[in-house]
There are 2 protein chains.
Amino acid sequence: MTEQHFTLPLFTVDNVMFAIDNAKLNVLLVKRAAEPYNNYWSLPGGVVDVTLDKDVEACAMRKLQQKTGLTPAYLEQLEVFSGPDRDPRGYSISLAFFALLPYTPVSSNINSVSHVSWWPLDQLHQLTLAFDHQHIIHHAHQRLQQKALYSMLPVFCLPSTFTVGQLKTVIETILGKEIQRKSLMRRIEASNMFTLTEQKQHSGGRQAQLYQLKPGVNITHFNRNMGA
Amino acid sequence: MTEQHFTLPLFTVDNVMFAIDNAKLNVLLVKRAAEPYNNYWSLPGGVVDVTLDKDVEACAMRKLQQKTGLTPAYLEQLEVFSGPDRDPRGYSISLAFFALLPYTPVSSNINSVSHVSWWPLDQLHQLTLAFDHQHIIHHAHQRLQQKALYSMLPVFCLPSTFTVGQLKTVIETILGKEIQRKSLMRRIEASNMFTLTEQKQHSGGRQAQLYQLKPGVNITHFNRNMGA
DNA sequence: AGATTTAGTGTCCCAACGACACTTATAGTA
DNA sequence: TACTATAAGTGTCGTTGGGACACTAAATCT
């Protein structure tokens with residue numbers, strides 16, 4: 001492995017992918033298999049390949065696919081983190097992405113990475129992550145909480161059809177506090193983003209209405225405050 | 001594992017700096033003095049100097065200072081624009097910043113750039129800008145309008161002490177529509193971000209109360225919808 | 001002194017939402 | 001079959017923020 005010395009800063013992409021499992025918010029991490037931070041858990045990311053990636057979003061998607069086998073349901077730019085000290089190899093610039101997905105177990109037999117794993121967010125402080133990835137995750141989490149208050153983003157943590165109860169649980173998990181079911185239904189109604197389907201049962205209760213995203217709806221354009 | 005050889009994309013920083021003059025929203029542009037797009041108007045920006053810039057924000061500030069002589073009152077990351085076609089020299093990645101400043105005339109005798117000038121936003125469509133800068137400005141404008149609705153950001157287009165009337169004019173210029181003075185005063189009150197000072201007159205009317213940002217207030221953390 | 005102009009207030013109404021009690025539908029179990 | 005637990009969904013009150021707009025206040029101009 002050749003040690004590279006940059007006169008130009010190194011530009012990389014990192015992904016903070018969230019999913020909800022077992023009523024907990026999880027982040028997808030990969031164990032590094034190279035120096036620096038060999039064997040440390042880190043965010044899945046990498047370097048842009050100008051022959052493969054039509055833009056940085058495509059790069060982020062490709063890296064996620066390649067390193068974790070998963071494809072996010074939602075992806076957006078979070079923020080650029082930069083400086084001379086965040087990578088021991090020298091000045092580096094990283095564009096962090098923020099991604100959501102319905103929880104999917106990961107198989108860790110992906111090439112080039114020894115391990116892939118979902119980690120509950122509330123256990124991350126026990127780990128020492130590579131680079132400033134702990135810091136990046138913290139920012140991503142804050143963004144997720146912000147957006148959960150005033151947008152419908154959390155639906156990307158659910159399958160394509162879902163019930164109000166499921167969405168309520170997801171939002172509560174993200175926010176770490178309870179919300180009013182009534183308020184959520186009003187939001188769903190007012191957003192005009194969803195259609196109904198048949199029915200579906202749940203653990204010992206009345207059957208819940210299934211909702212579904214209307215095709216071609218831009219979910220990021222709904223503004224309403226909740227529990228602020 | 002084999003170390004792959006990548007053609008590294010060019011990473012640059014571009015600044016969309018807004019100011020209000022003559023009841024119009026203006027963008028600061030510089031005339032390029034090199035290929036490609038020689039003599040085209042463009043956003044002031046450049047490449048990171050790892051010896052000078054402690055991070056990308058510092059780079060953005062330095063480039064603005066160096067190319068235009070102005071220092072923004074507010075600066076935040078906008079978005080990363082990337083792809084193989086936005087720069088004829090090849091694959092490029094640009095982090096765009098979004099900046100605000102009380103209007104200040106520019107002197108165009110800055111080294112390395114032939115001209116610097118404020119351009120009214122509503123005249124930009126008459127120009128052909130370098131690269132995808134028109135596109136970037138469009139995004140920045142949308143962001144500015146969004147934030148003008150639910151934050152106090154527009155105060156950065158005013159001197160450190162200002163009147164409600166001035167702020168009203170600034171917001172109306174940004175949004176392109178009138179807002180209620182009463183509503184604005186309620187927002188100022190509710191935000192708890194400002195203190196009062198003495199008085200000041202205006203063209204043929206009652207003297208207006210001068211407001212001032214409280215020290216150490218993070219202006220980005222006020223959420224309230226206006227005119228949405 | 002009166003007109004004009006801008007600053008600031010008082011008040012009505014409506015929309016959004018938290019809170020919470022109430023009704024409805026389903027599964028489990030006696 | 002009835003009773004109970006549980007989750008889904010509704011009705012409604014009260015609060016809050018903000019649009020609309022008329023009103024008062026203070027300054028300049030003629």
Side-chain angles (χ1 to χ4, degrees), chain A residues 23 146-152 154-155 158 161-173 175-212 221-228, chain B residues 23 146-152 154-155 158 161-173 175-212 221-228:
Chain A
Q146 270 302 110
K147 293 220 167 184
L149 284 176
Y150 63 80
S151 83
M152 286 293 183
V155 296
L158 291 170
T161 82
F162 60 90
T163 69
V164 176
Q166 293 173 324
L167 183 54
K168 176 168 180 281
T169 304
V170 166
I171 295 176
E172 288 176 341
T173 303
L175 296 181
K177 71 168 187 185
E178 297 211 336
I179 61 169
Q180 295 280 329
R181 193 173 58 246
K182 178 75 185 194
S183 300
L184 178 55
M185 297 193 71
R186 278 191 290 229
R187 287 165 63 79
I188 291 174
E189 168 77 20
S191 75
N192 203 29
M193 289 172 167
F194 305 96
T195 50
L196 300 81
T197 33
E198 346 82 71
Q199 302 262 338
K200 172 191 170 188
Q201 70 173 7
H202 220 55
S203 62
R206 177 175 169 175
Q207 292 187 334
Q209 181 61 245
L210 276 174
Y211 290 82
Q212 187 170 10
H221 286 162
F222 175 61
N223 272 3
R224 200 73 69 84
N225 287 323
M226 165 162 284
Chain B
Q146 271 299 110
K147 294 221 168 186
L149 284 177
Y150 63 81
S151 83
M152 286 294 182
V155 297
L158 291 170
T161 82
F162 60 91
T163 70
V164 176
Q166 292 174 323
L167 183 54
K168 176 168 180 282
T169 305
V170 166
I171 295 176
E172 287 176 342
T173 303
L175 295 181
K177 72 169 187 185
E178 297 212 335
I179 61 170
Q180 295 280 331
R181 192 173 60 246
K182 178 76 184 192
S183 301
L184 178 55
M185 298 193 70
R186 278 191 288 228
R187 288 165 62 78
I188 292 175
E189 167 78 20
S191 76
N192 203 29
M193 289 173 167
F194 306 95
T195 49
L196 299 82
T197 34
E198 345 81 73
Q199 300 264 337
K200 172 192 170 188
Q201 71 173 6
H202 220 56
S203 61
R206 175 175 169 178
Q207 293 187 334
Q209 181 61 245
L210 276 173
Y211 289 82
Q212 187 171 8
H221 287 163
F222 176 60
N223 272 5
R224 202 71 70 85
N225 287 324
M226 165 161 284

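FYI, side chains are in, hydrogens and waters are out, and symmetry mates aren't considered; it's all heavy atoms of this structure.
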If you round to the nearest 0.5 Å, how far is [atom2] of [Y] from [atom1] of [X]?
X	Y	atom1	atom2	value
A:Q212	A:L158	CD	CG	13.0 Å
B:R187	B:M193	CZ	CE	9.5 Å
A:M185	A:Y211	CE	OH	4.5 Å

Mind calculating the distance between [atom1] ([X]) and [atom2] ([N]) to the nearest angstrom?
X	N	atom1	atom2	result
B:M185	D:dC23	CE	P	20 Å
A:L184	C:dA16	CG	C1'	14 Å
A:Q209	C:dA25	CD	C1'	13 Å
B:E178	D:dC21	CD	P	12 Å
A:R186	C:dC14	CZ	C1'	15 Å
A:Y150	C:dG18	OH	P	17 Å
B:E189	C:dG8	CD	P	13 Å
A:I188	D:dT10	CD1	C1'	15 Å

Exercise for review: Please state whether the base of C:dA7 and the side chain of B:R206 form at least one donor-acceptor pair under 3.5 Å?
Suggested key: yes
Practice item. Spell out yes or no: do the side chain of B:R181 and the base of C:dG8 have one donor N/O and one acceptor N/O closer than 3.5 Å? Key: yes
**Study point:** pair B:L210-B:T163: side-chain heavy atoms closer than 4.5 Å
**Key:** yes
Point to revise | Below 4.0 Å: OP1/OP2 of C:dG18 and any side-chain N or O of A:Q180 | key: no
Review point. OP1 or OP2 of C:dA25 less than 4.0 angstrom from a side-chain nitrogen or oxygen of A:Q207, does that happen here?
Key: no
Revision key, fill the gap. DNA chain C nearest-nucleotide lookup for A:K182 and A:G205: closer to the 5′ end is A:K182
Point to revise | Backbone of B:I179 reached by a side-chain donor or acceptor of B:E172 within 3.5 Å | key: yes
Revision key, fill the gap. Ranking D:dT12, D:dG9, C:dG8 by distance to the side chain of B:V164, first place goes to C:dG8
